[in-house]
Each structure stands twice: as structure tokens, then as C-alpha cells.
Amino acid sequence: LKNTIQKNGFQGAILLRPLSKEFKIKVGNTYEFELIYGESRFRAVQDLGHETIPSIVRKLTDSQMRRIRLDENLVRKELNPLEEVEGLLEIAADELGISTGKIISLLDEVANAAKRNKELTGINARQAEQLQEILNYYKKGTLSGFRTKLRKLQRLPDDIRKAVQEKLSWAKATEIAPVKDMEIRKKLLEWAIEDNPSLIDIRKRRKELTKLTDHGNQLPANDSAIKIRFYRGLAKISKSEEWANPRNKARINHLIQEIEDIFHIQVS
């Protein structure tokens, strides 16, 4: 980017919005504007020693800012899967006027209705249509596919999610994610963030630390010991009196959904 700017000059402009009085007080009145998009270009001209940069200043609501930022980043393909899903959830929450938690619950309701061969009705049906329209606009597939992607990302360890938010590349983070030993994973993450090693170096060091294959220290899904334990557990569970407890219904249903997501099946 710096080479391009040096050769052809700066093209376009970055987008800013004025900071509110409350936020200026919060940051010590040091800043006047919030950068909506154009961070890479801003940093590039800084490194090149430019004193000014062409800018557009617009008064935007938080909702408008999120929409513009997501549009710009998706066009430039600068988002990793975690940022993309979180961005779409925020846009959906703005559009539907509900929390991101309720958007996730809506996705679960759509999935449950599909399994029972039933159609959603009332406000849930309307919200599901709105959510699908948002996915259509961004060319992000179906509600079912989006939910599957969301579930996979939700199962990422918290330290991996945090590392991605701190600008560790998605490819490097997912290379470290399979490591189950928290101490080893912590060492790998700190090293990857501080030293910025290559993907090959991360893979090599992970193997050295875990002394296992690229799949980390997980046992295969079809390992006989796991299957035996699972089936023995089912035999005991089927005879339990806890089935009659109505408070357990939601938790059991959630666990069944988790199992379905792991094995990519539908339990009828």
C-alpha cells in the first residue's frame, strides 16, 4: 500500500465522524474524530511522513457507522470469519431492533422448526425473513448455514477469540486453536502475537510442544473409548428420573443441538 501511494499518490479518502462531547471527555479531549474506515491507508501515509490525508467527515449514528464499516470491510475482504459473523449479528440487531442474543435465539428457533417440519408464525416469522434478507444482501447464504458457522465460532476458546481481536491473523489463530493444553496454547499465542512468526513456524513449534500431529491432542471422534463411554452414559441417562423435571427441558434440547452441530446430523 505504501509503495502504491508513493508511486501513484493517495487515492480516495478516509471516513471520519465527529466525537460526541461525552466521548471526548472520556478520552481526555485529545481526539476530535473517530475513524470509520481507512485505517490501513491512514497508517500508510503516517509511515510515509505525510502531514495530512484527504478525509470525509459525516455525522453518523452507531447503527449507520456499523453498516458502513461492515460494507467497506467486506468489499475489501479485510474481515476474518469471527469479525464477519459478529458484524452481521450487530447489523441484524440494529435492523430488527433486538439484541444479538435474541438474534441467536431466533436462529435456534428457525432450526428447531425446520427439524419438526413446522413453519414459524407471527413476529418470529417476520424477523426470520428480515434476517434472511440481510444475509441475501451480503451474499452470506442461508439462516441454517449462518447458524452452523456461528456455532463453530462460539466453540472457539476465549483466548483464541481474544487473540484474533488483538489482530493475530485468523490463519495463525486457527493453527493454535486445536491445542487443548491451556499452558501450551497460552505460550503459543503470546509468541505468535509478540514475534509474528510465519504459519509454518507456528505449525512446527506447535508439533514440538504437543508432540502430536497437526490435529493437536484431541482423540479421534470415532475413538472406541469415547464411544463406549458415550453409549454407557446414554443407557444410564435413559433410566434417569430427571427426564420428568420440566426445568431440564431447555438444557437437554440445547445439548441435543450441540451434538447435532458436532456430527452434522439431525435427530428426529
Side-chain angles (χ1 to χ4, degrees), residues 12-20 22-23 26-27 31 33-42 55-114 119-156 158 160-171 173-174 254 257 261:
I14 62 173
L15 178 64
L16 310 170
R17 72 168 176 172
L19 286 178
S20 65
E22 294 79 9
F23 202 86
K26 191 185 241 185
V27 296
Y31 303 99
F33 304 98
E34 178 179 4
L35 181 63
I36 306 304
Y37 68 71
E39 181 181 354
S40 298
R41 285 167 282 172
F42 178 78
S55 309
I56 298 169
V57 179
R58 291 174 58 188
K59 290 183 178 180
L60 300 166
T61 65
D62 289 346
S63 177
Q64 289 172 324
M65 176 198 69
R66 282 192 285 268
R67 174 72 84 162
I68 290 171
R69 187 174 280 166
L70 183 63
D71 286 351
E72 176 73 8
N73 286 331
L74 284 174
V75 166
R76 295 180 178 273
K77 297 181 179 179
E78 292 178 349
L79 294 180
N80 62 55
L82 184 60
E83 292 171 326
E84 181 181 294
V85 166
E86 288 177 344
L88 287 169
L89 282 175
E90 288 179 351
I91 295 297
D94 287 337
E95 293 285 322
L96 275 64
I98 57 180
S99 68
T100 55
K102 288 188 177 179
I103 295 290
I104 295 170
S105 296
L106 176 63
L107 288 167
D108 289 339
E109 288 182 34
V110 171
N112 289 333
E119 291 187 3
L120 291 178
T121 58
I123 189 169
N124 286 343
R126 290 194 297 274
Q127 289 176 337
E129 287 178 6
Q130 285 178 278
L131 185 52
Q132 184 60 66
E133 286 173 6
I134 293 169
L135 294 181
N136 291 343
Y137 176 81
Y138 288 105
K139 296 181 172 61
K140 294 301 172 184
T142 64
L143 295 179
S144 174
F146 182 71
R147 178 178 175 272
T148 299
K149 190 173 186 178
L150 172 64
R151 290 296 188 192
K152 288 179 180 178
L153 294 172
Q154 285 177 324
R155 286 196 288 269
L156 283 175
D158 289 340
I160 294 292
R161 295 169 65 91
K162 184 179 178 183
V164 172
Q165 290 164 353
E166 290 177 356
K167 302 304 181 183
L168 181 65
S169 78
W170 178 254
T174 51
H254 178 73
Q257 289 176 4
D261 289 343

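Quick note: numbers below take in every heavy atom, side chains included, and nothing from hydrogens, waters or symmetry partners.
Between the side chains of N112 and E109, not a single donor N or O lies within less than 3.5 Å of an accepting N or O.
R67 and D94 are not joined by a salt bridge, as no carboxylate oxygen comes within less than 4.0 angstrom of a charged side-chain nitrogen. A salt bridge is defined here as a Lys NZ or Arg NE, NH1 or NH2 lying under 4.0 Å from an Asp or Glu carboxylate O, and E86 with R161 meets this definition.
S144 is not listed as a side-chain neighbour of V110, based on a closest heavy-atom distance of 4.5 Å or more.
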Begin with the C-alpha distance, continue with both residues' side-chain angles, and end with the deciding distance and a verdict on side chain to side chain contact (heavy atoms under 4.5 Å, CB included) for L156 and L153. CA-CA 5 Å; L156 283 175; L153 294 172; 4.1 Å; yes
Dump the intermediate steps for side chain to side chain contact (heavy atoms under 4.5 Å, CB included) on K152 and T148, then the final yes or no. CA-CA 6 Å; K152 288 179 180 178; T148 299; 4.0 Å; yes
Evaluate the criterion side chain to side chain contact (heavy atoms under 4.5 Å, CB included) for residue pair L35 and L16; output intermediate values, then yes/no. CA-CA 5 Å; L35 181 63; L16 310 170; 3.7 Å; yes
Intermediate values then yes/no, side chain to side chain contact (heavy atoms under 4.5 Å, CB included), R66 and L70: CA-CA 6 Å; R66 282 192 285 268; L70 183 63; over 6 Å; no
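Partners of R17 by salt bridge (Lys or Arg N to Asp or Glu O under 4.0 Å), not counting sequence neighbours, listed by chain and number: E34, D62. Residues satisfying the salt bridge (Lys or Arg N to Asp or Glu O under 4.0 Å) criterion with E133, sequence neighbours excluded, are absent altogether.
We find the OG1-CD1 distance between T174 and I160 to be 8.5 Å, quoted to the nearest 0.5 Å. Note that the CG atom of L88 and the NZ atom of K140 stand 7.0 Å from one another [nearest 0.5 Å].
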Identify all side-chain donor-acceptor contacts of residues 99-108 below 3.5 Å with residues at least two apart in sequence or on another chain.
residue: S99; atom: OG; partner: K102; partner atom: N; Å: 3.2
residue: S105; atom: OG; partner: G101; partner atom: O; Å: 3.2
residue: D108; atom: OD1; partner: R147; partner atom: NE; Å: 2.8
residue: D108; atom: OD1; partner: R147; partner atom: NH2; Å: 3.3
residue: D108; atom: OD1; partner: R151; partner atom: NH2; Å: 2.5
residue: D108; atom: OD2; partner: R151; partner atom: NH2; Å: 2.7

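Between the side chain of Q132 and the backbone N or O of E129, no donor-acceptor pair lies under 3.5 Å.
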